[in-house]
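One structure is given below, encoded as structure tokens.
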Amino acid sequence: MVDSKHQWKAWLYLSPAIVLLLVFTVWPIINTVRMAFMDGYNGLAIIGGAEFEFGIANFQRVLGLSSFKNSLYNTMLLCVLTVPISTLLALLIAVALNSIKWLQKGLQTIFFLPYVTNSIAIGMVFAAMFNIVGNMGTDGNDIIITAGIINNILGVFGIEPINWINAGSAYWANITVMVVYIVWNALPFKILVLLGGLQSINKQYYEAAKVDSTPRWRVFTRITVPLLSPMIAYVVITGFIGGFKEYSSIVGIFGEDMGPAGAPGRLNTIVGYIYDALPKMNYGVASAAALILFGIIFVVTMINMQVSKKRVHY
Amino acid sequence: MKVALQNLTKIFPSRDKKAGKEVVAVNDFTFDIPDGKLIGLLGPSGCGKSTTLYMISGLQKPTSGKIFFGEDDVTELSTENRGIGLVFQNYALYPHMTVKQNILFPLQNLKGADKMSKEAMLERAEWAARLVQIDDLMDRKPSEMSGGQQQRVAIARALVKMPRVLLLDEPLSNLDARLRLQTREEIRRIQRETGITTIFVTHDQEEAMSISDMIVVMKLGVVQQIGEPQEVYDNPTNLFVAKFLGTPPINVFSGKVSGGKLYIGQDAVLEIAGVSDQEVTVGVRPEGFELAEDGKLHCQLSNVEVMGRDVSIVSTNEASLNPMIRSIINADNKVDLANKVVSYNVKPHKLFLFNKETEERIPFEVK
């Protein structure tokens with residue numbers, strides 16, 4: 001404890017951080033809540049000195065909009081698909097990396113590359129990989145000339161080229177591309193956390209399991225996973241939080257239109273919806289959407305915590 | 001199950017390639033462990049006792065030599081297939097499982113003909129728990145138990161599948177003194193009740209002596225002596241073994257044999273035969289001294305420690321290789337601290353002669 005005489009010094013040293021936090025974090029949070037509850041709050045109108053009534057009209061409006069519902073659906077779908085897939089894959093890769101010592105150093109670097117690369121840039125590369133060039137017939141006879149490496153690889157196995165992301169592509173194809181991209185992008189962080197967790201598990205548990213003639217699969221399910229459960233819970237919770245904020249990955253592949261050519265906004269997410277509202281000065285609506293997003297993340301995290309109370313062994 | 005070790009050797013390659021010196025952890029260890037006995041592997045740290053244990057368990061592969069369980073050569077057999085029970089130094093209880101789950105775990109792994117029904121497994125787990133007296137703690141987690149209780153669970157887990165051989169790595173090192181005494185008696189009792197050949201590793205000679213049927217004293221990977229504890233204590237083959245066994249430790253003097261007399265410093269303490277004239281190292285057990293007015297060995301008295309039943313006399317002598325000489329005598333003997341000098345006679349069977357260079361034992365006869 002700093003004695004009271006010198007307390008002002010402590011405050012002095014903390015002040016730069018406190019001022020920045022107040023201006024750029026605390027006040028925006030308060031202001032978001034304020035704006036969300038001001039009916040029809042609008043950036044232009046406030047300059048004109050208009051006054052707004054407090055109420056829940058913004059929420060009613062947002063929830064009534066099909067474009068918001070669409071964003072909500074996309075976000076949820078991507079979360080539900082990508083978090084389990086990426087967690088499971090990361091777990092398998094981490095366990096494999098941990099058991100193949102000589103590969104670890106090199107592979108660790110490779111798996112970590114997506115983490116340090118700009119997601120828009122990766123998105124563009126993915127877009128190129130899934131791209132097609134060709135004349136899209138509008139009469140139902142699509143002519144697809146493959147260019148992207150994915151369709152070329154599929155071709156090797158005799159699978160017809162698929163229109164993944166271009167004009168006229170199907171919703172499921174778009175989502176598939178997004179899932180692949182998001183999972184791939186999410187892997188490095190998860191692998192890193194899980195690998196760290198694995199390496200902190202006492203080797204003696206594995207020796208004990210060996211002495212007890214434990215089959216490999218049982219070692220994995222009964223020893224590795226439970227002992228890794230705090231890390232798994234962490235990865236799942238942060239995965240959901242990250243998933244609900246999905247935005248730049250979609251921009252990376254589909255551009256700011258948030259959808260394939262001809263269907264803009266089809267893949268919009270909640271964060272995308274909020275950004276969309278800003279240039280239109282719909283601050284009230286955007287704030288309400290942001291609060292709804294906060295509510296969803298809060299509820300999902302609470303559920304995660306409740307589940308992990310039973311399943312996680314610290 | 002009889003366990004036989006044949007020329008067992010373990011060489012660890014040097015970690016530093018430039019230094020290039022490999023470490024011989026266990027050197028040419030041959031020993032037939034009789035069925036149903038409790039064997040203590042004893043030695044200071046780095047003597048290769050744990051390595052030997054881990055080679056028997058299969059967790060480490062010997063560089064050369066063979067291991068037999070009964071008639072089966074298990075040298076190439078992996079740990080999973082050896083049917084051993086191992087109690088780790090830190091117990092290695094699965095922290096996320098209850099005591100019951102920990103004890104059941106090895107049984108649930110049994111395959112083929114050994115596979116057990118749920119009821120049979122529970123029954124067996126309860127038997128093991130009763131054996132180590134933790135049957136009232138079955139639903140606890142390891143973190144909710146004391147060290148001694150965890151120790152028992154670890155033993156129960158190792159015993160529950162009826163291993164061919166039970167191995168214990170420093171089983172008592174994490175326990176406090178009182179619990180250590182109690183637990184070592186428990187280990188002895190459990191071993192007797194189950195009759196499973198048991199090998200345990202310890203650096204504590206008292207622990208090994210008190211419960212083992214046989215002890216193996218090791219130093220720098222080389223077996224020094226194998227035998228029953230009392231036999232090894234009474235007949236050490238070399239100075240190392242003599243020094244390692246016994247608390248308080250043996251008193252060591254530099255002496256010489258000359259004209260049939262054994263001298264410690266200027267004092268001729270014994271008349272002996274069968275030893276040529278030479279400089280020797282003399283070891284005398286603390287209980288090998290007798291107070292006598294006309295005693296032949298004269299020491300400078302420095303302290304008397306009363307321990308109830310016995311007294312411990314601390315004295316010094318120029319010929320002593322230790323800073324202090326400690327003798328233990330019956331408390332009936334009164335020692336006056338005002339005396340500057342204390343005189344002893346030495347009991348011949350508590351006195352050992354060792355070669356000054358090789359430190360090997362020199363046999364002698366008392367005239």
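Note on naming: letters A, B, ... go to the chains in the order of the sequence lines (proteins, then strands), and numbering restarts at 1 for each one.
Looking at B:L167, there are no atoms closer than 4.5 Å to chain A (heavy atoms on both sides), in backbone or side chain. For B:L59, the part sitting under 4.5 Å from any heavy atom of chain A is the side chain, from C-beta outward, and nothing else.
Using a 4.5 Å heavy-atom cut-off against chain B, no residue of residues 80-100 of chain A qualifies as contacting.
In the model, B:R140 has no side-chain atom that pairs as donor or acceptor with a side-chain atom of B:Q149 under 3.5 Å. A donor atom on one side chain and an acceptor atom on the other are not found under 3.5 Å apart for A:S213 and B:N81. Side chains of B:T183 and B:E186: a donor-acceptor N/O pair is absent below 3.5 angstrom, by distance only. A donor-acceptor pair shorter than 3.5 Å cannot be found between the side chains of B:D139 and B:T98. Of the N and O atoms on the side chains of A:T214 and A:Y206, not one donor lies less than 3.5 Å from an acceptor on the other residue.
Heavy-atom pairs under 4.5 Å with chain A were tallied for B:K141, B:E80, B:M97, B:R82; the largest tally goes to B:E80. Most heavy-atom pairs under 4.5 Å with chain A: of the set B:R157, B:Q89, B:Q108, this distinction falls to B:Q108.
A:I296 CD1 to A:C79 SG: the interatomic distance, rounded to the nearest 0.5 Å, is 9.5 Å.
Tested against B:L168, the residues B:L53, B:L86, B:L41, B:I155 include a single side chain to side chain contact (heavy atoms under 4.5 Å, CB included) partner, B:I155.
Among all heavy-atom pairs drawn from B:I39 and B:P34, the shortest one is CD1-CD, 4.5 Å.
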